[in-house]
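Structure, as C-alpha cells:
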Number of protein chains: 2
Amino acid sequence: MGQVPTATAYALLGLLTFDRDNAEPDDAGLTGYELKQRADNTLRFYWVSPATSQVYSELRRLETLGLVHADVRPGRRTTKRYRITAEGVATLREWLRTTDTDFPVLKHPVALRLMLGHLTGADQMRGLLEDYLDQLGRRRHELGAVRASLGDDERVRYPALVADWGLSYYRDEERTVRRLLGRLG
Amino acid sequence: MGQVPTATAYALLGLLTFDRDNAEPDDAGLTGYELKQRADNTLRFYWVSPATSQVYSELRRLETLGLVHADVRPGRRTTKRYRITAEGVATLREWLRTTDTDFPVLKHPVALRLMLGHLTGADQMRGLLEDYLDQLGRRRHELGAVRASLGDDERVRYPALVADWGLSYYRDEERTVRRLLGRLG
DNA sequence: TGTAGCATGTAAGCCGTTACATGATTGA
DNA sequence: TCAATCATGTAACGGCTTACATGCTACA
C-alpha cells in the first residue's frame, strides 16, 4: 500500500537537493510552504503542481522512510524545515539509475476540443486556438522569468536546461498553432 | 458525487460522434472493446488511454445520463453496441461552447530526470535523452500511420488536424532534444 | 486443438484534489 | 487595525489503475 515513493514524491525530494548550501545552518532546509512555492516555479511546467496538502503529506511520508529529516523549530509558531538525508540522496540516485522512464503524458484539452470541430464549426475552433495562443504567450513569459532567475549558475545548470527545453516547446507550439489557424482560415 | 461527466467521459462521447454512418443498421454503434481500441489509436496521443474497465463503466454512466444508447444483442455472447443520442450530441456541443478550456498538463518524466542531472552526471543524461529520441521516433511513426489512415476524408478533417499537430510536436521535440544533446557535450 | 483476439465486467486501492480549519507574522 | 502572507494540517472523495475473473469466436 504505497511504501514506495511515487514519481511526484521523487520530484519533491529532488527539489530538496537544490537546498542553497548556506553558511548559516539556521536557514538550512525548506518548509513545506517554501517547497510548494518552488514546485509552482519549476515543477509545474513539465510535471505537476501538487496541492499544498499533498506537499505536507508527502514530506511526512518521506520522513518516515528516512529520506528527509525534519528540523522542528518550536516557538510561537512551530515550523519544520526539511532537508534531504544521505539515504535520501542515495535512494534518489538509485531511482534515476534503475527505474525505467515512462513516455511523457500530455493532457491537451485544446487538442481534445479541436478533434470535435465538426460539432461546432471552424469559427469557434479559431476562437479556441486564439485564446490558447494568448495563454501560451503568458506561460512562456512566466517560464522566461524563471529561466532568467537561474542565470548561468553552474549549480542549476540542469534546471536551466529543462527551462530552455520548456521555452523551446512553447515557441514551437505557438508556431504550430498559428499554422493550424491558417489552415482553418 | 460525479453526476457531471468528466473530460475523459466527454472525450469518449466525442469518439462516438465519428460512428461511420453505415447503410446497415446492424453495425451501428461501437462496443466498449472497439471504443477502447479507438481511444488507443487517437486519444492517447494528446489525452489519455483510459483503462478498459473505465471505458465500460463510463459507458454505463453515460447511458444512465441518457447521453448514449445501448443496443443489446443477445445470443451466445451478449454484446452491447453504443451510439450517441441526440441529447448526447446537444450536451457535448454545450460542453464545447461553455466550459472553459484548461491549459494542457504535461507529465514529462524525461525532463523531470534531466532536472536532477547534477546527481548522475552528463553521461547518464545523454543516455536518457538518446533513449527518449528512440521512443519519440517510434511514437511518431505510430501517429503517422494513424494520420495516413485518415487521408483527406472531409468527415475526419478535424481529427486529421489534431494528428498533424501531434506530428509537428514530435518533430519539434526531436529537434529540441538533439540540441540539448549537443549542449551536454 | 489450442491460442490469440473479442467482449464484458468486479473489487480494491492509491494518487491527488477540493474544501475546510487554524493561527502567527508582517507591513500598509 | 486590518489584510495579505506565512505555515500546517484534516477530512472526504473522485478518477483512474491494477488485478482478477469469465467465457466466446476465429483461425492456424
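Letters A, B, ... mirror the listed sequences (proteins, then strands); counts begin at 1.
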Are A:Arg179 and B:Trp165 in a cation-pi setup, meaning NZ or CZ lies under 6.0 angstrom from the ring centre and within 45 degrees of the ring axis? no
As a test of reading the structure: which of [options] is closest to the side chain of [X], going by heavy atoms?
X       : options               : answer
A:Thr8  : D:dC16, C:dG16, C:dT8 : C:dG16
B:Thr31 : D:dG15, C:dA7, D:dT17 : C:dA7
A:Arg60 : D:dT17, D:dC16, D:dG9 : D:dG9

Euclidean distance, atom [atom1] of residue [X] to atom [atom2] of [N] [Å, nearest integer]:
X       : N      : atom1 : atom2 : answer
B:Tyr10 : D:dC16 : OH    : P     : 14 Å
B:Tyr82 : C:dA7  : OH    : C1'   : 11 Å
B:Glu58 : D:dC16 : CD    : P     : 7 Å
B:Glu63 : C:dT8  : CD    : C1'   : 14 Å
A:Leu12 : C:dC15 : CG    : P     : 13 Å

Can you find a pair of side-chain heavy atoms, one from A:Tyr158 and one from B:Arg113, that are under 4.5 Å apart? no
Check salt bridge (charged side-chain N to carboxylate O under 4.0 Å, His left out) between A:Lys80 and all other residues, then give those that pass, not counting sequence neighbours. none
For B:Glu154, give me all partners under salt bridge (charged side-chain N to carboxylate O under 4.0 Å, His left out), at least two apart in sequence or on another chain. none
Residues that [X] engages under side-chain contact (heavy atoms from CB on, under 4.5 Å), provided they are two or more places apart:
X        : answer
A:Asp164 : A:Arg147, A:Leu167, B:Arg183
B:Asp100 : none
B:Ser49  : B:Lys36, B:Asp40, B:Arg44
B:Arg126 : B:Ala122, B:Asp123, B:Leu181, B:Leu184

Between [N] and [X], is there an OP1 or OP2 to side-chain N/O distance shorter than 4.0 Å?
X       : N      : value
B:Thr79 : D:dT25 : no
A:Gln54 : C:dC15 : no
A:Tyr56 : D:dG9  : no

SB check B:Lys107 A:Asp102 (cutoff 4.0 Å): no
In terms of heavy-atom contacts, B:Leu114 and B:Met125 come closest through CA-SD, 3.6 Å
What pairs of nitrogen or oxygen atoms, one from the protein and one from nucleotides 19-27 of chain C, lie under 3.5 Å apart?
from   : atom 1 : to      : atom 2 : distance (Å)
C:dT25 : O4'    : A:Arg77 : NH2    : 2.7

Under a 4.0 Å heavy-atom cutoff, the residues of residues 33-49 of chain A touching DNA chain D are A:Tyr33, A:Gln37
Enumerate the residues from residues 91-107 of chain A whose closest heavy atom to DNA chain D is under 4.0 Å, giving them by residue number; use none for an empty result. A:Lys107
For the helix from C:dT1-D:dA28 to C:dA28-D:dT1, what angle separates the axis at the start from the axis at the finish, each from five pairs, in steps of 10°? 30°
Supply the members, apart from B:Tyr56, of the Ile/Leu/Val/Met/Phe/Trp/Tyr cluster built from side-chain contacts under 4.5 Å; use none for a lone residue. B:Tyr33
Centres of the A:Phe45 and B:His108 rings: under 6.0 Å? no
Which residue pairs satisfy the salt bridge (Lys or Arg N to Asp or Glu O under 4.0 Å) criterion with at least one member in residues 131-140 of chain B, sequence neighbours excluded? B:Arg140-B:Glu174
A:Glu173 versus A:Tyr132, side-chain donor and acceptor atoms under 3.5 Å: yes
Base, sugar-phosphate, or nothing for B:Thr52, non-hydrogen atoms under 4.0 angstrom? base
